[in-house]
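I have placed the structure first, in the form of structure tokens, so that the comments after it can refer back to it.
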Amino acid sequence: MTALYEVSKLSVDLLASGNGLCAQLIQRHLTINILQDIDISIAAGEILGVVGESGSGKTTLARSMLGLQPVSGGTMCFDGREVASRTDFSNLRRNSAFMFQDPVASLSPRMKVGALVVEPLVIQRRPMANAAEKAKELLERVGLPASIAGRFPHELSGGQARRVCVARALALNPRLVIADEPTAGLDVSVQGEILNLMTGLKKTLGLAFMIITHNLAMVRHVSDRIAILYLGRLMETGPTREVFARPAHPYTRSLIASEPQPDPRKRRVDLAIKGEIPSVLARPPGCAFHTRCTLAQQRCKEESPLPQSLPGGRTVRCHFPEQQPSTT
Ligand code: SF4
């Protein structure tokens, strides 16, 4: 599949300033590596799920890809053209949309739904023959009745607010939508409706979605490909079905083992992830995952693994990747 958006060797460093014991005398400046060597591609009509715990760098990755976060290295190409200058990023943002995690907080409480869904067109000064008609069209596209245009955000249910956010995202006819935890805080049945909506838009409009989430079960249901992020490094990528059938990285195996099971006896407690993700300020040397990995060996503590290709279109960053089928 031809990539719509391709990111190669993306790195993001942040400069952190901290005061020492005596503020006037000692001032330290630290460079914190947030993301390193990220290779990601998304094709038109494809859903990519980026999974990681809090602190893994998911949001920084999304912001970098939209030009909202300066990058330290790497290249980004959208529709075959490198994105580097401010003009390139402006063009990219015209062709993409970002869906925030908290739908109600991302909507102005003083505006009615009808005005909210066409607001991106107003901001971009796009011509609109009839704003009310356009709002109706966008609302219908996400399965909402036109009558909802007269409501304020606080009068919406969680599912309706999420659909309004999707309608807003569609206003500029984007080719790529980056969605941050699109089902957070929703009931399971409403989660399913939102995911079905996104899958439908992918098929009917050829939209590409990048979903960033900690919810592995959700991406398993909806995404075509998956990328597992840990402490700013991509640990495993590949087609969703392949990754779940044969998780090669110990972290992926642990995440899958930690998923809730209808039958608790089937849960692999021995593989379930333990402990907290370390801070980026105290990144472990060698493999970033070695402090939580049950398979860690001396080499893991000293040498950072490089990405290696596996059958089935997968890539894994581990010295000792597993290749047997999952037992969960
Ligand atoms: Fe575990 Fe070592 Fe693989 Fe890292 S490189 S995931 S520590 S086995």
Side-chain angles (χ1 to χ4, degrees), residues 7-13 32-41 48-61 73-74 212-217 219-220 223 225-259 261 267-328:
V7 170
S8 305
K9 303 276 173 261
L10 178 79
S11 292
V12 173
D13 294 331
I32 305 169
N33 178 233
I34 306 293
L35 295 174
Q36 191 168 51
D37 283 347
I38 302 291
D39 292 331
I40 269 181
S41 70
L48 171 72
V50 178
V51 181
E53 297 169 88
S54 297
S56 60
K58 306 186 295 287
T59 305
T60 305
L61 174 61
I212 54 176
T213 182
H214 69 279
N215 188 337
L216 195 66
V219 292
R220 181 180 207 159
S223 65
R225 286 189 308 114
I226 192 170
I228 307 285
L229 195 60
Y230 185 82
L231 221 55
R233 311 284 189 269
L234 276 181
M235 294 296 172
E236 184 162 5
T237 60
T240 305
R241 196 177 297 172
E242 281 288 328
V243 171
F244 277 90
R246 282 173 285 279
H249 197 283
Y251 182 51
T252 315
R253 294 173 66 79
S254 297
L255 288 176
I256 293 172
S258 301
E259 278 192 296
Q261 292 281 344
R267 209 162 160 212
R268 293 294 308 273
V269 176
D270 55 327
L271 284 176
I273 187 102
K274 296 176 181 70
E276 298 287 321
I277 187 170
S279 162
V280 287
L281 291 169
R283 182 188 300 283
C287 172
F289 186 58
H290 87 252
T291 54
R292 301 168 83 189
C293 181
T294 52
L295 304 178
Q297 301 181 28
Q298 188 58 33
R299 181 182 174 195
C300 308
K301 298 175 185 171
E302 297 165 354
E303 192 184 326
S304 181
L306 296 172
Q308 54 179 301
S309 298
L310 295 181
R314 289 174 298 151
T315 303
V316 64
R317 187 188 284 265
C318 174
H319 293 308
F320 312 105
E322 303 266 343
Q323 296 194 48
Q324 68 268 37
S326 169
T327 52
T328 58

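Order of appearance sets the numbers: ligands from 1, and atoms from 1 within every ligand. The basis for the numbers below is simple: all heavy atoms, side chains too, and nothing from hydrogens, waters or symmetry mates.
For atom 2 (Fe) of ligand 1, the nearest protein heavy atom (residue, atom name, distance) is C300 SG, 2.3 Å. Ranking the protein heavy atoms by distance from atom 1 (Fe) of ligand 1 puts C293 SG, 2.4 Å first. At the top of the distance list for atom 5 (S) of ligand 1, counting protein heavy atoms only, stands H319 N, 3.3 Å. Of all protein heavy atoms, the one closest to atom 4 (Fe) of ligand 1 is C287 SG, 2.3 Å.
Distances from atom 2 (Fe) of ligand 1 show that H290 has no N/O/S atom below 2.8 Å. Among the atoms of C318, none of the N, O or S atoms falls under 2.8 Å from atom 4 (Fe) of ligand 1.
Under 4.0 Å from ligand 1, the heavy atoms of H249 that appear belong solely to its side chain.
L310 places none of its side-chain heavy atoms less than 4.5 Å from the side chain of R246. Looking only at side-chain heavy atoms (C-beta outward), T237 and I40 stay at 4.5 Å or farther from each other. Within the 4.5 Å cutoff, side-chain heavy atoms of K9 are placed close to those of D39. Side-chain contact check for F244 versus I256: some heavy-atom pair is nearer than 4.5 Å.
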- Please walk me through it: do R233 and Y230 pass side-chain contact (heavy atoms from CB on, under 4.5 Å)? CA-CA 5 Å; R233 311 284 189 269; Y230 185 82; 5.8 Å; no
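Within 6.0 Å of atom CD in E276, 12 or fewer heavy atoms from other residues, nucleotides or ligands are found, so the atom counts as exposed in its surroundings.
Here is the list of ligand 1 atoms found below 4.0 Å of a heavy atom in F320: 8 (S).
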